[in-house]
Every structure is written in C-alpha cells, then in structure tokens.
Number of protein chains: 2
Amino acid sequence: MKKSAIRVLQSLQQAGGFASAQEVHQLITGKGDRIGLTTIYRALQSLQEEKLVDVLRREDGEAIYRLCGEAHHHHLVCKKCGRTVEIYGGAIEKWADAVADEYSFREVEHSADLFGTCSQC
Amino acid sequence: MKKSAIRVLQSLQQAGGFASAQEVHQLITGKGDRIGLTTIYRALQSLQEEKLVDVLRREDGEAIYRLCGEAHHHHLVCKKCGRTVEIYGGAIEKWADAVADEYSFREVEHSADLFGTCSQC
DNA sequence: ATGAAAACGACAATCATTTTCATTTCTGGT
DNA sequence: ACCAGAAATGAAAATGATTGTCGTTTTCAT
C-alpha cells in the first residue's frame, strides 16, 4: 500500500462520511502536509480498485468517496438555508433490499435524499 | 413550450431510453436539422424543471436524460448494461414523510435511486 | 410594419478529472 | 555506501462536460 493511499484513507476517516477529491486534498494540506491533487486522484483510484472506498456522485456529477463498510446515511437538506441533517438507518434499507430481490438485482446500492424547508425557515 | 424543447423531447422518444446531451444533439443534427449544443442543454434543463424528463448519471459522471411519466417514481438501474426498472409507490414515501415530520421539515421532496447488477449481467 | 422580449447559437469560461513528463524518492544488488 | 532502474510524485497542460456571455435572429402583439 502506497503511503499516499494511507494518507487519503486517514482523511476519509477524519471526514467521517463522503468527501470529494478536492475536499480530501484540503483536509490534508490544511494540516500543513503537502500533497498534490494528482496524487489524491491516483490514490482514490487505487483504493477504489482495491474496494477499500466506495464512490458515488453528487447531483452536479462530482465524485464523492467514502470508506467501505462505514455506516452510510442519507440527508435531509433545507432548500432555503442549506441546513443538513444526517439520517441513519431506517426503513429505506429494507425497501431497497426488497426491491432488489423482486427484480433479481445483486450488489444493490442506493442513494436517497430529502429536500424540504426546515422549521426555522 | 419552446420549440427546441419539443425537438429534444422527440429525440428522447426516438432514443427510447437514456441519452446524453451530446447524443440528443447528434440525433437531431444527424437528421440534417440544425441546433446548437447550448440549446440542447438549456432545453434539457427546462424539461427537468417541468418534470418532463428524468436525469441520472453515468458512471463517468455524464448526465443522461430520459422521458418520464407523470407519476412520481424511482429507478433501479443496472450499473453494467444500463437496464432500468421504474419503481412505483412503496414504503419510501412513508419513510420520507416520517423523517420530515421527525425533524419538522415541511414541503419535503425526495429522490431515491437504486444501483446494482441485473440478473443478465 | 415595428419594437420589445424571448430564443438561439457560436464562442469563451469554468470545473472536475486525466494525461504528460520531468524530477524526486525508493529499491535491490554490488 | 553507491548506483542504476523502477516507481511515485506533482506542476502544468489537456480533456471533456457543462455553463455563461453576448450579439443576432425569431416571435408576437400592437
């Protein structure tokens, strides 16, 4: 395992959830360590191939990464102020599994996010 | 409805499934009609806002669009061959409502899509 | 016909990501 | 320690999708 990959893994752990390549880069350089953005991208690709990180896409198409096995969650986002609540667990996992089973899909992942107006707005 | 939007809708109908902005452009210009790529993008954005087309992302992040029915639904997409199943109704609406209620959010919308490997891949 | 507003599209700008390539760091063998 | 070759690094350029700009064209009500 390359040492750059290890640094990226540690950043993802620190981030605690999803992070884009740029965010990982800022997390590392923000501590004073020096690393190139190119290296981040290469490390993330290796980690993907080794199945140590998952990749998903934001709505704008930007790739976001997270440690595999980390409890994933969903988001409840206020359309006006941007306040975000993380939602863990719940019925949606069962729903996803049931649907996957019904249509004989394997290795099914899901993304689900809620958008509304929060109580303060 | 703008006439460019209509031409884009017809192309999507002709495509029969998902198509990227570039593919829509080729479908139209390939018939000899002239239209700018910029106009395609704008038309697709309008159609999205009017909820006449769905948008998803290919694995490389490119946006792909498709005609969608009136009814609110979700997608089960095969990561390998792109085959898509539309999922109607189900537990997820209740889940969304319950979560919204728990955090006192109003006017909550949701998006939820499943990605996996279909039985033929 | 005419003038305002909307739509159009060529081109440039932006942004994430990949490629290139010169430089630096690691490696094993002597 | 020394040295050559391999691997890793990162700055800069290239790429490709998408968006912004702005001058031109079309639409449409009067």
Side-chain angles (χ1 to χ4, degrees), chain A residues 1-12 15 17-67 75 79 82 111 113, chain B residues 1-12 15 17-68 77 79 82 111 113 115:
Chain A
M1 167 97 68
K2 288 187 269 190
K3 70 171 194 285
S4 61
I6 292 174
R7 288 203 280 170
V8 168
L9 278 182
Q10 288 172 340
S11 294
L12 285 177
F18 285 107
S20 67
Q22 317 265 349
E23 287 162 355
V24 167
H25 185 237
Q26 287 176 340
L27 276 175
I28 294 179
T29 56
K31 293 187 307 188
D33 294 0
R34 307 219 292 97
I35 193 170
L37 189 53
T38 310
T39 304
I40 305 280
Y41 276 107
R42 275 194 287 241
L44 285 170
Q45 262 184 309
S46 306
L47 291 169
Q48 233 180 294
E49 282 157 16
E50 297 171 60
K51 300 206 187 309
L52 292 174
V53 306
D54 274 345
V55 63
L56 281 180
R57 296 266 167 190
R58 291 216 173 107
E59 276 196 39
D60 66 354
E62 188 180 10
I64 49 179
Y65 307 83
R66 80 163 175 217
L67 291 182
H75 294 116
K79 285 187 205 172
S111 70
D113 295 293
Chain B
M1 166 99 66
K2 291 184 269 191
K3 70 170 194 284
S4 61
I6 292 173
R7 289 203 280 169
V8 167
L9 277 183
Q10 288 171 339
S11 294
L12 285 176
F18 285 107
S20 67
Q22 317 265 351
E23 287 162 357
V24 169
H25 185 239
Q26 287 175 343
L27 276 175
I28 295 179
T29 55
K31 293 186 308 189
D33 295 359
R34 309 220 288 95
I35 193 171
L37 189 52
T38 310
T39 304
I40 305 281
Y41 276 107
R42 275 193 290 241
L44 286 169
Q45 258 182 313
S46 307
L47 291 169
Q48 232 181 294
E49 282 157 16
E50 297 170 60
K51 302 206 189 307
L52 292 175
V53 306
D54 274 345
V55 61
L56 282 179
R57 296 268 168 189
R58 292 219 172 102
E59 279 198 34
D60 66 355
E62 188 181 9
I64 50 180
Y65 306 84
R66 188 182 68 164
L67 290 182
C68 79
V77 185
K79 284 187 200 174
S111 71
D113 296 293
F115 304 92

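If you're wondering where the values come from, they're calculated on a predicted model, not measured in any experiment. Order of the sequence lines sets the chain letters (A, B, ...), proteins ahead of strands, with each chain counted from 1. FYI, side chains are in, hydrogens and waters are out, and symmetry mates aren't considered; it's all heavy atoms of this structure.
The salt bridge (Lys or Arg N to Asp or Glu O under 4.0 Å) search around A/D54 returns A/R66, not counting sequence neighbours. Under the rule for a salt bridge (Lys or Arg N to Asp or Glu O under 4.0 Å), A/E50 has no partner lying at least two apart in sequence or in another chain. Applying the salt bridge (Lys or Arg N to Asp or Glu O under 4.0 Å) test to B/R42 and every residue at least two apart in sequence or in another chain returns nothing. Every residue two or more places apart in sequence or in another chain that forms a side chain to side chain donor-acceptor pair (under 3.5 Å) with B/E62 is listed here: B/S20, B/R58. With sequence neighbours excluded, no residue forms a salt bridge (Lys or Arg N to Asp or Glu O under 4.0 Å) with A/E59. B/Y41 is linked by a side chain to side chain contact (heavy atoms under 4.5 Å, CB included) to B/A21, B/Q22, B/L37, counting only residues two or more places apart in sequence or in another chain. Residues meeting the side chain to side chain donor-acceptor pair (under 3.5 Å) test with A/Q45, sequence neighbours left out: none.
Taking the screw axis at each terminus of the helix from C/dA1-D/dT30 to C/dT30-D/dA1 from five consecutive base pairs, the angle between the two is 20° to within rounding of 10 degrees.
With rounding to whole Å, A/R34 atom CZ is found 8 Å from D/dG10 atom P. If you take CE of A/M1 and C1' of D/dA8, they are 15 Å apart, rounded to a whole angstrom. For A/I35 and D/dG10, the CD1 to C1' distance is 10 Å, given to the nearest whole Å. One can place NZ of B/K2 at 10 Å from C1' of C/dC8, the figure rounded to the nearest angstrom.
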Sequence-aligned protein contact record of nucleotides 12-25 of chain C, with B where the base is within under 4.0 Å of a protein heavy atom and S where only the sugar-phosphate is: ----SBBBB-----
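Within the 4.0 Å cut-off from OP1 or OP2 of D/dA8, not a single side-chain nitrogen or oxygen of A/T39 is found.
No donor-acceptor distance shorter than 3.5 angstrom exists from the side chain of B/H25 to the backbone of B/G36, with no hydrogens or angles considered.
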